[in-house]
Structure formats: C-alpha cells, structure tokens
Amino acid sequence: MNYFAENIKTLRKEKNLTQPELAKALHVSNGMISFWENGKYEPTATNIIIVANYFNISIDELLLTEL
C-alpha cells in the first residue's frame, strides 16, 4: 500500500489546503501534488523530508502508517 499518497492527501485536507496552495508551500509544481496523491510518482528523499517537516510528522508516520 502506498501510505504516502493517502497520507499527503489526508494531511492536506486536514489543513484545508488546495493542491496549488500545498505545492506553493513545498516549492513544487501543482501537478506534482496531484501525481503524489494519485500514486503516479514517488517523491524524492528530499521531498519526503520537506513534506514531513511541513506537516510536523515523522518520516516513518508519513511513509509507513495510515493516518
């Protein structure tokens, strides 16, 4: 199961952010958020760290558990 895809979508919605708003905050393209949420692309290690830090969760929580 791709926990990252589900978790980033859940976290984004919990903060009432649109995909473009999250993309701007993370300094990635709007399309990249969509690709991540749909499991089309895996994030780089650097982007995993950025996402985890942005949402103030551990990398393990982001990648290995269902939030």
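These numbers were taken from a predicted model, which means no experiment stands behind them.
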Establish, from distance only, whether the side-chain atoms of E61 and N7 form a donor-acceptor pair under 3.5 Å. no
Taking all non-hydrogen atoms of both residues into account, name the closest pair between G39 and A5 and its distance. N-CB, 4.1 Å
Measure from the ring center of F4 to the ring center of W36 and say whether it is less than 6.0 Å. yes
Judged by modelled atom types alone, do N38 and S34 share a side-chain donor-acceptor pair under 3.5 Å? yes
Please walk me through it: do R12 and E37 pass salt bridge (Lys or Arg N to Asp or Glu O under 4.0 Å)? CA-CA 10 Å; R12 177 180 62 77; E37 288 185 1; 2.5 Å; yes
Mind running side chain to side chain contact (heavy atoms under 4.5 Å, CB included) on F55 and L22 for me, showing each step along the way? CA-CA 11 Å; F55 288 111; L22 181 57; 3.8 Å; yes
Side chains of L62 and L67 in contact at under 4.5 Å (non-hydrogen atoms): no
Are L17 and M32 connected, step by step, through hydrophobic side chains (Ile, Leu, Val, Met, Phe, Trp, Tyr) whose heavy atoms are closer than 4.5 Å? yes
Before giving the answer on side chain to side chain contact (heavy atoms under 4.5 Å, CB included), spell out for L26 and I33 the whole-Å C-alpha distance, their side-chain angles and the decisive distance to 0.1 Å. CA-CA 9 Å; L26 299 178; I33 301 298; 4.1 Å; yes
Nearest atoms (heavy-atom pairs only) where A23 meets N30: CB-OD1, 3.5 Å
First locate atom OH of Y3, then atom OG1 of T65, and finally report the distance between them rounded to the nearest 0.5 Å. 8.0 Å
Backbone N or O of P43 within a donor-acceptor pair of the N47 side chain at under 3.5 Å? no
Please answer: with hydrophobic residues joined when any side-chain heavy atoms are less than 4.5 Å apart, are I8 and L63 in the same cluster? yes
Verify side-chain hydrogen bond (donor to acceptor under 3.5 Å, both in side chains) between E42 and N2, making sure each step is shown before the conclusion. CA-CA 9 Å; E42 294 294 324; N2 186 348; 3.3 Å; yes
Check the hydrophobic clustering (I, L, V, M, F, W, Y; side-chain heavy atoms under 4.5 Å; chains of links allowed) and say if I48 and V51 are grouped together. yes
